[in-house]
Amino acid sequence: MSDLASDLSTQPAAPPPLGTKGFFRWAWRQLTSMRTALILLVFLAIASIPGSILPQQGIDPVRVNEWIANNPTSGPILKRFGFFDVYASPWFAAIYLLLFISLIGCILPRSFMHARALRAKPPVAPRNLTRLSSSTEVSSELGSDAVIDRAERVFRAKRWRVRRGQDEGGPWIAAEKGYWRETGNLVFHIALIVLLIGVGYGSLWGWKGNVIVVSGKGFSDTLTQYDVWGGGRMVSPSDLPPFSFTLNEFTAEFERGEAQRGAPRFFEGKLTVRDTPGAVPYDTTIGVNEPLSVDGVKVFLVGHGYAPHIIVRDTTGAVVFDDTVPFLPQDGSFTSTGVVKVPDATPQIGIQGLFLPTAALDEILGPYSTFPAPDDPGLFMSAWVGDLGLNTGATQSVYRLDTAQMTLTGREALRPGETWTLPDGMGSVEFVDFTRWASFQIAHDPGQGIALIAVTFAIVGLLLSLFVKRRRMWVRARPAETGSTVVAAGLARGDDERLESLVNDVATAAASDSAQNGRRK
Amino acid sequence: MTETMGLAELSLLVVYIAMAIITMAMVAFAVSYAGSRAKKLVVRDRVPALVGSAGDSEPPAVSAVEPVTELPKGRRASNVGMSLTWLAFAVLLVAVVMRGIWAGRVPWGNMYEFSLTSALGVLAVFLIFSFFRDVRWLGIYVTTVVLLTLGLAVKVLYTEAAQLVPALKSYWLIIHVSAAVICGGAFTIAAGVTLAYLLQERRLRRTPEGQEPPVSRLPSAQRLELLNYKILTFAFPLWTFAVVSGAIWAESAWGRYWGWDPKETWAFITWVIYAAFLHARTTAGWRGRRAAWISLVGFLAFLINYFGVNLFVQGLHSYKGF
């Protein structure tokens, strides 16, 4: 809709005419006017702002809940009006959908007009060319037809579209160039619509899931294996491609220098992948910026952490729990929390743990980690006995212990290899060692290709619409006593600083090198 | 390590030298304004351009002739300012290159380096621009902005870190960030032009009907308006590309091409506002002052995106840069 749009946009609001049909006509004109598009663009910008200030459901649901808890009055109100999920809220959708309807209403008629213009001949030369703002008059020794011949050659050499004619003022030639401007303009705006379609298609037919895989363990692409999985309306979990992989090893390195100490520097996961259950497995690596592509699905490395290996024995010394448990990092130094639930012990045992890769103890704040790498690992635990509450039917997080029906029996800090004998002969907990886990985002977005093609076209279209100049030029040659008088004039859409000199160049070239008495208007 | 640390410190020292030169350039540009005030009358001497009359064989050769006056003092000072700006650019370029060599990568891995490169970008856009037009009147604005950016960089954002977080280790760092830096330079210059336009436009509005507006060192409102538009027609597609390349990079680093991260959101807002400017310019009643204000709001959104998001908002782009 760039600078040609002023021709098409409707005039300032006239009162709506009577009658339903008239009203809709009026409403449609209002909606598709440039002014409305402009206001909708401004609204779109303003409406996007809250999503960057308030925490968003889709990005950080934990912070959303915190925010609402901290602001009991404004929180629920904002939540009700979708301020914690701005980009999926009805009012945000209303703005961009109106904008796109306005856009379609604008480009449809323009596409037809442009299609006609592409086939049309340049317009007849106006009678008095000197009235145009860019015009020049020179005299030539050549005859009038020869001048027009020369002008035609000049125009054709520069690929102008030309049309010749003759009237009482003598022969004339009309030339037009720069149709790509409007083509690019339309391509840009159509590409934006295609982009929206691509994004919509991707969200309806796409899916993504997150999973934590402990080093040494595997993952196969079925719904039950995911920690979190979300798909568009058109996706069925049975559509998941049946690949699988094993995380053999995960490496993480951190900054040890003074500046930015502890900042991540290098992550890499070594995987063994099977495309289908029966396929030959192959080894590969995965890293940040190096996702893995399997069967139309992309696997991204998005996080990592530690998983202590814990063995719990009951009163008789029998092993009731033996596993590596992923602990979730709470800060940049990987102070990590995790929970062990032992439903098979009687009474049931629950352990809240704090894993510290580089352990330190603060008098007030308690244990914490000082560096993300495992330089001096320690595991701080609180053991609870009683009822884990697993039989109530309510779903429980594996990372949270419901201590409502449990009693605290003791606290202990262990180093790898150490065992803690629980008080009152309740059994023992052994911190064998620890390993790392990596979290993966596995996603399929079928709209991505459409979106990429759309933005490519959008950029090309944009460049054409901004840099190609649409120009019309006319040259008239009037027979004079000797030779002829040549008048050239030009018209451009939008600002065109070069038009004036182009008109002069054409006039001079058409009048040949015998041009004299050049005068500028 | 001490040897390589030396290069980083040397780079910082050179940044300080560049800042000193920029300050001198700023003073020179300021003097040029003071000088031009005193020389008002010289400009007034201009012979009124005659409209060519028809028929005579020897047209008065008027339009080609400029009024011959001695070089006003302001002009000399602004030339000194330009030379100093060139020097500052060269010195800052050396500092940035040294920082890059020290870090062993492109010199925009954290906010400090990004600010240095952005300042260099603003200077580059300004100096390239000076080949095509007389933009000395803009010198005072450019030097002020560059000095503020560099001051913020060395005082608040300075870091000795050389290495990158894994998400930044990608060739997209070169493509995406350099596009953003050039856009930053262009947006900054455009905002200066817009400010000048608004000044000129106000001057025109306050001139009583029938009177000539007071003489100014700034170009005419009309020219400034066109200039702003031209810069933004260059910057807008580039900004589009910067956003798109960021999306492609985000896809490989974070697993999605668009996630409404605060940086992405403000890049989008900036894009939408500049798009609104391009539309406003062709809408009756919006061209001129209103469109100019929209482009200034666009620059504000860009600044929020550049500083605000990195310094105050929690998001994926706040990568411990300082």
Side-chain angles (χ1 to χ4, degrees), chain A residues 1-6 9 11-12 34-35 37-38 41-42 44-45 48-49 51-53 56 58-59 63 86-87 199 208 255 257-260 263-267 287-291 298 300 302 332 441 443 445 448 451-452 455-456 458-459 462-463 466-467 494-495 497 517 519-521, chain B residues 51-52 54 57 59 63 110 159-167 169-170 172 226 229-230 233-234 236-237 240-241 244 247-249 251-262 265-266 268-269 272-273 275-276 278-286 294 297 301 309 313-315 319-320:
Chain A
M1 283 184 281
S2 74
D3 68 0
L4 295 175
S6 47
S9 59
Q11 295 307 304
M34 180 72 105
R35 193 182 307 266
L38 183 57
L41 273 174
V42 173
L44 186 64
S48 307
I49 296 174
S52 73
I53 299 164
Q56 297 293 295
I59 300 168
R63 274 183 60 219
V86 166
Y87 310 107
V199 172
K208 76 177 174 191
E255 176 68 53
E258 280 294 311
Q260 295 188 4
R265 289 301 177 225
F266 177 76
F267 300 137
V288 184
N289 283 316
E290 289 158 29
K298 274 189 169 176
F300 302 92
V302 290
Q441 176 158 306
D445 185 348
Q448 229 170 56
L452 186 63
V455 293
T456 311
I459 291 176
L462 187 60
L463 290 171
L466 290 173
F467 293 108
D495 304 286
E497 290 178 313
N517 288 356
R519 270 196 313 268
R520 292 177 73 197
K521 182 179 179 273
Chain B
V51 180
S57 53
S63 53
N110 49 50
T159 178
E160 295 213 316
Q163 295 210 54
L164 297 174
V165 295
K169 285 177 191 158
S170 164
W172 286 107
L226 190 60
Y229 172 70
K230 287 209 149 184
T233 52
F234 156 77
F236 185 72
T240 312
F241 172 76
V244 168
I248 296 170
W249 187 7
E251 199 271 334
S252 70
W254 300 325
R256 84 290 182 292
Y257 59 87
W258 194 268
W260 297 105
D261 175 68
T265 305
W266 279 97
F268 173 75
I269 293 171
V272 168
I273 296 174
L278 290 178
H279 286 87
R281 218 178 153 269
T282 60
T283 306
W286 284 77
I294 293 178
V297 173
V309 172
V313 186
Q314 203 177 351
Y319 27 68
K320 277 196 173 182

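Just so it is clear, the structure is predicted and the values come from calculations on it, not from any experiment. Just so it is clear: chains get the letters A, B, ... in the order the sequence lines come, proteins before strands, and each one is counted from 1. Both backbone and side-chain heavy atoms feed into the values below; hydrogens, waters and symmetry mates do not.
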For [X] and [Y], which heavy atoms make the closest approach, and how far apart are they?
| X | Y | result |
| --- | --- | --- |
| A:S52 | B:W266 | OG-NE1, 2.8 Å |
| A:N289 | B:K169 | ND2-O, 3.1 Å |
| B:Y229 | A:L466 | OH-CD2, 4.3 Å |
| A:R35 | B:W286 | NH1-NE1, 3.6 Å |
| A:Y87 | B:T265 | OH-CG2, 3.0 Å |
| A:V288 | B:A253 | CG1-O, 4.1 Å |

Chain B contact via [X] - side chain, backbone, both or neither, heavy atoms under 4.5 Å:
| X | answer |
| --- | --- |
| A:Q56 | neither |
| A:V86 | neither |
| A:A458 | neither |
| A:E497 | side chain |
| A:I49 | both |

* Can you check side-chain contact (heavy atoms from CB on, under 4.5 Å) on A:Q441 and B:W254, steps first, answer last? -> CA-CA 9 Å; A:Q441 176 158 306; B:W254 300 325; over 6 Å; no

Gap between atom [atom2] of [Y] and atom [atom1] of [X] - 0.5 Å precision:
| X | Y | atom1 | atom2 | value |
| --- | --- | --- | --- | --- |
| A:K208 | B:R256 | NZ | CZ | 7.5 Å |
| A:L452 | B:Y257 | CG | OH | 10.0 Å |
| A:L463 | B:F241 | CG | CZ | 11.0 Å |

Taking B:I248, B:V297, B:L226, B:I294 one by one, which has the highest count of heavy-atom pairs under 4.5 Å against chain A?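 Max contact count across the listed options: B:L226.
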
Counting heavy-atom pairs closer than 4.5 Å to chain B, which one of A:V302, A:T456, A:L44 comes out on top?
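Ranked by heavy-atom pairs under 4.5 Å with chain B, first place is A:L44.
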
